[in-house]
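No experiment lies behind these values; they were computed from the predicted model shown.
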Amino acid sequence: MADTQSVATLIDSATSKIQQLQQAFAELESHRAITLNLKWKELEEHFHGLERSLKQRFNELEDQEKKYESKVSEAQEMLEKRKAAVVAKEQASLEKLQEKRDAALFAIGIVVDKYKNALTSEPAIVNIEESGGADAVVEEKPPDANSTSVDIEDVQNPSNNGDMEENPPSELTKLCKEMDSKGLHKFISDNRKNLAAIREEIPIALKAATNPAHLVLDSLEDFYPMDVTTLDGKKDANLLGHRRTCIMLLECLSQMLADPELDAVSDVISEDIKEKAKAIAEEWKPKLDDLDIDASSGNSLEAHAFLQLLASFGISSDFNQEEISKLIPSVSRRRQMADLCRSLGLSEKMPGVIEVLLNSGRHIDAVNLAYAFELTGQFSPVTLLKNYLKEARKASSPVKPGNTSPTAQNEVNERELSALKAVIKCIEDHKLEEQYPVDPLHKRVAQLEKAKADKKRVAETAKPQSKRPRANGGGYGPRVTNFPDKSFYTRAPDRYPPYMYDRPYVYPGHTDNHGSSLLASAYSLSPSHGNYFGNGYQYQAPYLH
């Protein structure tokens, strides 16, 4: 700051210096013996020009300094807010944990007091034998079983003073305790409507198993059935549901291992279990060599299961990291992908993965990854989204508009509309409205949707109307009076029955596709498995997320 003030003082004194120089010049001119070529006006203009340029540069430097100071202060405020938020969350967690601990101790104390009171309330009963008269026989009477029965609700709610009974274990706990992997799969499939609750209960139920890791490995047995080819597997709804269950069980095992109450991970995953998991991974790995990354659209169940197997059992170090990182684009739209990559130690590989996604035209996934791994400085989200729309519009612009068929033009408009919706969703998710306003994008979406509705209306108007049959069921043939029954004239089946499909996987709440084949779901499920694992495995870009 002192340097800035000194520079400003020197600039302000420039005018007085020029005046002194003018006086010296006049005195010199009065004593000159010969005519000088230089004129004072030229010198004065020269020095004034230097003065103006110095002041302008000085003002620019001051403005830059103020901007820098404001950015520094904003960054410090943001850090303070984040620090305060983290401290508040930690304090809230500690208080909540302390409340649970106090409640549990209080409940245990109530149970112990009830049991002691039941033991001491009826110490003995004296029976007087009629024949003996004076002899007394003292019999110890055990406490009544009903007086010491404990209801589990008293443990959960210390204010409840009723008798306590132990709740029976849940079906999931029974299946895990019995190490029944097939029964576990069947239970999850039969109760897929309650998948969110089941997903929360499985990590707890796994603790009841004698060997949780072995149970999860057994559940992977039919992930690649021998009688199903790769192509058929992508169409088999039951197999797809089975694979999603396998992935969920692997994730639940990781959640159980992350529980701070667990004594040691090595107690659950022994060296023998690791070797078995490694053997399964070695068996699966060749099946991924022919995996079509573009066809999977970032939603490959096979690649996700392989990576989750490595992460859950801690065997990623036994495989080549470069080969593992090449599988990331095939699961880039799975909501668990960011955490999965961190657990596999692939965070440093993310810039290369983002480059692969950009080269394949999947800019939305690249933006979500850049935010998930804090790479927005290297990959500007706004620039990526603008390039994505630019490429979409370029692909949507026919070379010769006059030769474009209506069907082709509709497909072109649909691609651009999907791209616009995906970009708008990404901007809203990451709060980029200030850097990338969405109003022009919304207007373009409205134009395309209006054009789509107008074309549909024109097509329906131009469609020829079929003539209605006569009321008596006759057509244009001879009049028939003796026909079997009204049910004989049933409506003909639809030529094109409605196509049932799952919603595509989109990014940790996004409901819009990123556009055309890039965001189409890799698997189409039958109606019986519609929305299967929808709550558990659907994610949107944040990250799925």
Side-chain angles (χ1 to χ4, degrees), residues 176 179-186 188-189 202 206 209-254 256-257 265-266 268-293 295-296 298-332 334 336-337 340-341 343-346 349 522-523 533 537:
C176 291
M179 298 289 288
D180 186 359
S181 60
K182 294 187 181 297
L184 191 61
H185 269 280
K186 185 177 184 304
I188 296 173
S189 179
I202 288 178
L206 284 175
T210 55
N211 194 334
H214 192 275
L215 174 63
V216 173
L217 286 180
D218 286 344
S219 69
L220 307 178
E221 181 179 358
D222 295 327
F223 193 88
Y224 287 101
M226 300 296 296
D227 55 344
V228 177
T229 61
T230 303
L231 183 61
D232 294 336
K234 296 183 182 298
K235 300 178 181 179
D236 190 339
N238 292 327
L239 178 58
L240 294 177
H242 180 84
R243 287 176 174 176
R244 289 190 176 95
T245 303
C246 292
I247 294 173
M248 186 179 71
L249 291 174
L250 286 169
E251 291 174 344
C252 290
L253 178 63
S254 296
M256 189 201 79
L257 295 175
V265 176
S266 59
V268 179
I269 301 181
S270 60
E271 291 299 326
D272 294 340
I273 291 293
K274 280 190 175 183
E275 289 298 325
K276 186 176 181 180
K278 184 179 177 182
I280 295 175
E282 292 285 358
E283 182 183 352
W284 286 3
K285 187 175 178 297
K287 302 179 186 297
L288 302 175
D289 293 339
D290 298 330
L291 184 65
D292 190 346
I293 295 179
S296 65
N299 192 27
S300 171
L301 293 178
E302 296 90 336
H304 187 183
F306 176 78
L307 296 175
Q308 190 63 55
L309 176 65
L310 302 186
S312 298
F313 288 87
I315 55 176
S316 60
S317 58
D318 296 329
F319 295 83
N320 188 289
Q321 294 293 306
E322 292 294 334
E323 295 180 357
I324 295 176
S325 64
K326 290 179 181 178
L327 296 174
I328 300 302
S330 61
V331 295
S332 59
R334 307 291 289 179
Q336 310 92 329
M337 191 273 302
L340 184 58
C341 290
S343 62
L344 291 171
L346 299 177
K349 304 288 184 181
Y523 311 102
F533 291 89
Y537 284 84

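- A distance of 8.0 Å separates CD of Glu251 from CG of Leu340, quoted to the nearest 0.5 Å.
- The two residues Arg243 and Phe223 make their nearest non-hydrogen contact at NE-O, 2.9 Å.
- Counting only heavy atoms from C-beta outward, the side chains of Lys276 and His214 approach each other to under 4.5 Å.
- Counted by atom type alone, Asn238 and His242 present zero donor-acceptor pairs between their side chains at under 3.5 Å.
- Between the side chain of Ser312 and the main chain of Leu250, a donor-acceptor pair closer than 3.5 Å is present.
- Considering all non-hydrogen atoms of both residues, Ala303 and Val331 come closest at CB-CG1, 3.8 Å.
- Counting only distance, with no hydrogens or angles, the side chain of Gln321 and the backbone of Ser316 share a donor-acceptor pair below 3.5 Å.
- Partners of Lys287 according to the salt bridge (charged side-chain N to carboxylate O under 4.0 Å, His left out) rule, which considers only residues two or more places apart in sequence or in another chain, do not exist here.
- Interatomic distance, CD of Gln336 versus CG of Leu307, reported as 11.5 Å (0.5 Å rounding).
- In this structure, CD on Glu275 lies 9.0 Å from CD1 on Ile315, to the nearest 0.5 angstrom.
- Here the side chain of His185 pairs a donor or acceptor atom with the backbone of Ser219 at under 3.5 angstrom.
- One finds the CG atom of Leu346 at 9.5 Å from the CD atom of Glu322 (value rounded to the nearest 0.5 Å).
- Rounding to the nearest 0.5 Å places CG of Leu215 at 9.0 Å from CG of Leu253.
- Of all the heavy atoms in Leu206 and Met256, the pair that sits closest is CB-SD, 3.7 Å.
- Not one N or O on the side chain of Ser332 forms a donor-acceptor pair closer than 3.5 Å with the backbone of Ile328.
- Of the inter-residue distances, the one linking Leu184 atom CG with Ile188 atom CD1 reads 4.5 Å to the nearest 0.5 angstrom.
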Distance-only check: which donor-acceptor pairs under 3.5 Å involve side-chain atoms of residues 277-285, not counting sequence neighbours?
from	atom 1	to	atom 2	distance (Å)
Lys285	NZ	Glu323	OE1	2.9

